[in-house]
Amino acid sequence: MKRYYQPEVETASYEEIRQIQNEKIVKQVRYVYENVPYYRNLMEKKGVTPDDIKSVDDIKKLPFLSKDDLREAYPYGLLGTDLKNCVRIQSTSGTTGKRVVAFYTQKDIDMWEECCARAIVAAGGTEEDVVQVCYGYGLFTGGPGLNGGSHKVGCLTLPMSSGNTDRQIQFMMDLQSTILCCTPSYAAYIGESLAEQGYKPEDNKLKAGIFGAEPWTEEMRQEIEKSLGIKAYDIYGLTETSGPGVAFECEEQTGMHINEDHFYAEVIDPKTGEVLPDGEKGELVFTSLDKEGFPLLRYRTKDICILSRKKCSCGRTHVKMTKPLGRSDDMMIIRGVNVFPSQIEAVLLKEGYPPNYQIVVDRVNNSDTFDIYVECTPAMFSDIIADMQAKEKKLNLAMRSMLGIGPKIHLVAPKTIARSEGKAVRVIDKRKLH
Ligand code: DLL
């Protein structure tokens, strides 16, 4: 069986990978400097020129790029080439301010899909496989990324998108899907639904699952593996860098190999920006090495993780990252969707509510619950239940349109949400994800 999609590079020695990275970084920095005035400006402010970057060891001289920069430069400020050379955009959910729009040339798409193909082959995928992709399709990168990777491997691809679980199960059974790609919480839900419909794990033909886009635990992995009768692999990525496939798990299931020939990873102290040695916990920072549409140098992901170069039994040599162990900002991932408290606050203000609220997130039966308690002003508060329900419904719709998912809204009487003497406790996340 084929073990690697691109064996030469996936199993190259450390020195060979360094060589590839060193050649690429020189070109990528010059490319960005010449084509992205926004970043050139940051380099000039720091007194760095492309001539200062001779190898990846010099990356630490470059300025960081943050989500705030992406917001400031929205939509075209970080574009690396003429729009006429781009063939696709993908985006995250959220307000215009928080939304990330990434641009891809055809070469960028090919690179991204190859990264996903590596993940599929690492999960045992070959052209004999039937890959059921139930990540969302559209602006979200999950569906398109895994779909493209599956094509590259030559698998029969079922572009299901998310939702409609009965139909997912029918296709899974009738077309004998062998690899499932979706968020871990949706995988768990499919497992439960199969059991409810009377199927046993051995009744399906699935052998593997490629699950990511949100945090999940080892316990959840075991549960999913048991309920579906599969081996469950993690996959990581973010819209800014391309989408899923920046890193993926192999058969060892002890962390995800970062596709180092395309993305250079650093871990930094989120407070000081200092680069930390392998093995230390900090914020993950990526530098793209060969992107055209949306090249990013030293992009701060806000994901906290640890890098390791311990030899892997799968034969891959690329550095491994742990599962994200948390975030250095306040972003939550609820049912696979990125949610910031500031977005919720913006909706409340727009709808005329005071910014006294509390978000409660929990995971019940492997599915996220999302409740927002909102204080009314005395003028808004009414003891007519129908009135309050109508208001809750209106707020739910406004939240849904902003976030892409609908929370359960609870309007509560004035002055009932506990005031804090220090920082307000806006978010109570009861999920034990890390
Ligand atoms: O979630 C891309 C993706 C799609 C990854 C499908 C894997 C599978 P965004 O919507 O931009 O992109 O969200 C990126 O999600 O910074 C992490 O905080 C989180 N995340 C992604 N993968 C994982 C994972 C996609 N395997 C943000 N475990 C990232 C934990 C993850 N968190």
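We count ligands from 1, going down the list as the structure has it; atoms in each ligand are counted the same way.
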Practice problem: Please lay out, stage by stage, how S185 and E214 fare under the test side-chain hydrogen bond (donor to acceptor under 3.5 Å, both in side chains). | Solution: CA-CA 9 Å; S185 39; E214 62 180 5; 2.5 Å; yes
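Heavy atoms of L238 found under 4.0 angstrom from ligand 1 belong to the backbone as well as the side chain. For N338, every heavy-atom contact with ligand 1 shorter than 4.0 Å involves the side chain, none the backbone. Counting heavy atoms under 4.0 Å from ligand 1, residue T141 touches it through the side chain alone.
Distances from ligand 1 to the non-hydrogen atoms of R327 include at least one value under 4.0 Å. Heavy atoms of E214 approach ligand 1 to within less than 4.0 angstrom.
Residues K152 and C116 are not in side-chain contact: their nearest non-hydrogen atoms beyond the backbone lie 4.5 Å or more apart. Within the 4.5 Å cutoff, the side chain of Y299 has no heavy atoms near those of the D69 side chain.
Where the criterion is an N or O separation shorter than 3.5 Å, residue side chain and backbone included, T92 fails it with respect to ligand 1. Considering backbone and side-chain atoms together, T301 places no N or O closer than 3.5 Å to any N or O of ligand 1.
Under the 4.0 Å criterion applied to side-chain N and carboxylate O atoms, D68 and R300 are not assigned as salt-bridge partners. Using a cut-off of 4.0 Å between Lys/Arg side-chain N and Asp/Glu carboxylate O, D290 and K27 are scored as not salt-bridged. Salt-bridge formation is not detected for the pair E252/K310: no Lys NZ or Arg NE/NH1/NH2 atom is positioned less than 4.0 Å from an Asp or Glu carboxylate oxygen.
At the shortest separation from atom 19 (C) of ligand 1 among protein heavy atoms lies I333 CD1, 3.2 Å. For atom 29 (C) of ligand 1, the nearest non-hydrogen atom of the protein is D303 OD2, 3.2 Å. Protein heavy atom closest to atom 11 (O) of ligand 1, with residue, atom name and distance, is T239 OG1, 2.6 Å.
Side chains of Y357 and E345: a donor-acceptor N/O pair is present below 3.5 angstrom, by distance only.
For atom 14 (C) of ligand 1, the candidate residues are A213, G336, P215, G237; the nearest heavy-atom contact is made by G237. For atom 3 (C) of ligand 1, the choice among S91, P184, P244 with the nearest heavy atom turns out to be P244.
Summarising the geometry of R431 relative to I334, their closest heavy-atom pair is NH1-CA, 4.1 Å, with the distance given to 0.1 Å.
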